Structure formats: C-alpha cells, structure tokens
Amino acid sequence: MTKRTPFIAGNWKMNLDHLQAIALIQKLSWTLSDADHDFSKVEVCVFPPFTDLRSAQTLIEAEKFELKLGAQDLSKHDSGAFTGEVSGAFLSKLGVGYVLIGHSERRQYHAETDEVVRDKVAAAWRHNLVPVICVGETLEELETEGQSAVPVRQTLAALAGHETLGEFVIAYEPVWAIGTGKVATPAEAEAVTKAIRASLKESFGDEVAQSRILYGGSVKANNVAGFLASGEVDGVLVGGASLDAEEFAGIARLQKHIVL
Ligand code: PEP
C-alpha cells in the first residue's frame, strides 16, 4: 500500500494582489525553511487568485522554493469563445500542479452542479493538473441526511463516467464550517473520511481508495493536530488562516509532532 503524503493546502480565495502574494509566499517559505520543514514529508500548496499566479510562479522558480502552486478554479473548456474563463492549459504553463474544483462557494454562488464539477475534473486531467475536489454538506443537509451522505454522493458524482481516473484529492469541507469558526470534531471528520474512502473502494477498488482525503473548515494551528492524529485524514484545506504566514506555517509544521 502506498503511503499517503500529508497535504496542507491554503485557499486564499479573492484576497491579495500579486504584490501581496509575493510577500506572503516569501514569508511562508522562509518561515518553513527556518523550521527545517521537510516538503517531501508534508506537501504544502497555496491557491492564490489567477492574477497572482505568474508572479508566484516566477518567485517560486527563481528562489527554488519547494512550495506547490494551485489554482482556485478552471474552465471545463480548453479554449475558445468563453469570455472570462481560464483554461487548464494556461494553468499548466504557469507551473500550477493542483486546482480546486467544486468549492462550496462556487457551488453556491456560481451554480456549479455535480455535472459541471465532473466536467472540470476531466479538464484538469486533460492538462495534467491534480483536481482537489471539494465536497460537503450544508447545515440543512446535515439535519436531513446526516453528515456523510452528501460528501459521498458528490465524490462519486465527480468521478463518475470518466474513461479512466487520474490522480485526485478529495477535500471534505462541511459548508457550515467554512469561514464560520464552527469546526467539525476530529471524530466527525474521521467518520466522513472513512465513508468517502469506503465508497471509493466499493466503486473503484483499493488503489483509488488510497487517494488523499483532506478536512477543511475553520482549521487553525491550534486545532489541526486533532484532525490528523488518527491517520485517516490526510491533510487540511485552509481558508482564512492561510492568509497569515506564521499561522499557515504553524499548521504545516504541526505535522512534525504527529506520528504519521
Ligand atoms: C475554505 O475556504 O476552503 C475554508 C476551509 O475556509 P476557512 O478555513 O476560512 O473556513
């Protein structure tokens, strides 16, 4: 069985222009290297706005930082008359390795359905990007369907109908925990992760079930340890706290104290 490398992802959302991005990436990388962070043991990836990506790429390459670069979305199309859309082909050229797909803010404010998410996953694979597929239940769905049903359904919908599956990461993010300060308990995150993994195993077999599954929703340096302690959850997707270099580095460095 392959070991799943923990993945710490920072979703900046619509924050920080390209100059601020340069400052944050520098501070984050220096903080982590001062702490002898081993990027081969714990992968760290930032997801800045599109307009920051070129500056981030140039900096990361020039300074040989080991930080990975991700994008927050991509078009399901490759090119053409789709004003305002960004192709996965362009992201690949910018050194982007990962792309968030189906974040709850996109499902909620941009009417992204499971079908759109599925098409975007296919687009990511066409351009050698690893999709970080975000799934999670709203408060209403939690009350009516329990915690695992929606994340499992959204996971399987995103992966359905592809001829072959490429690499992917699942980010379980209860919608009621995003940016609210409300956090799922480690036991809840573990239970949903296990349910998602079991559904992957049932539908796609053992190897696919070894894909990484993250927790996201109001994660901070002082609560991350609980989520990773059991070894079920393979990392975290962090929003607000990823805008602060010390705090985000603290989240990544905390892995050092956990026997994985
Ligand atoms: C997110 O945006 O994916 C997220 C988890 O946000 P926050 O950490 O701020 O809750």
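Nothing fancy with the numbering, it's 1 onward along the sequence. Order of appearance sets the numbers: ligands from 1, and atoms from 1 within every ligand. In this text, all values refer to a predicted model and were calculated from it rather than measured experimentally.
Any N or O atom pair closer than 3.5 Å counts here, and Thr180 shares no such pair with ligand 1. Close N/O approach between Gly239 and ligand 1 is found [any backbone or side-chain N/O within under 3.5 Å]. An N or O contact shorter than 3.5 Å is missing between Ala241 and ligand 1 by distance. Considering both main-chain and side-chain atoms, Glu105 never comes within under 3.5 Å of ligand 1 through any nitrogen or oxygen pair. Residue Leu237 has no nitrogen or oxygen atom sitting less than 3.5 Å from a nitrogen or oxygen atom of ligand 1, judged on distance alone.
For the atom pair Glu247 CD and Thr31 OG1, the distance stands at 12.0 Å (nearest 0.5 Å).
In the vicinity of Ser218, heavy-atom distances shorter than 4.0 Å reach the ligand 1 atoms 7 (P), 8 (O), 10 (O). Those atoms of ligand 1 with a heavy atom of Gly240 less than 4.0 angstrom away are 7 (P), 8 (O), 9 (O). Here is the list of ligand 1 atoms found below 4.0 Å of a heavy atom in Ala177: 10 (O). With ligand atoms numbered from 1 in the order given, ligand 1 contributes 1 (C), 2 (O), 3 (O) to contacts under 4.0 Å with heavy atoms of Asn11. Close approach to Gly179 involves these atoms of ligand 1, each under 4.0 Å from a residue heavy atom: 7 (P), 9 (O), 10 (O).
Given atom 3 (O) of ligand 1, the protein heavy atom at minimum distance is Glu173 OE2, 2.7 Å. If you check which protein heavy atom lies closest to atom 1 (C) of ligand 1, you get His103 NE2, 3.3 Å.
Counted within 6.0 Å of CD on Glu85, heavy atoms from surrounding residues, nucleotides or ligands total more than 12; the atom is thus considered enclosed. The number of heavy-atom neighbours closer than 6.0 Å to CD of Glu63, taken from other residues, nucleotides and ligands shown, is above 12.
Side-chain atoms of Trp125 and Glu167 form no donor-acceptor pair, as typed in the model, at a separation below 3.5 Å. Remark: the Glu188 side chain and the Tyr215 side chain contain no N/O donor-acceptor pair separated by less than 3.5 Å.
Residue contact check for ligand 1: Gly217 places a non-hydrogen atom closer than 4.0 Å to it.
In this pair, His77 and Phe82 present their aromatic rings parallel. The plane angle is below 30°, not in the 30 to 60° band.
Salt bridge Asp114/Arg153: absent, no basic N to carboxylate O contact under 4.0 Å. Using a cut-off of 4.0 Å between Lys/Arg side-chain N and Asp/Glu carboxylate O, Arg212 and Glu43 are scored as salt-bridged.
The aromatic ring centroids of Phe50 and Phe90 lie 6.0 Å or more from each other.
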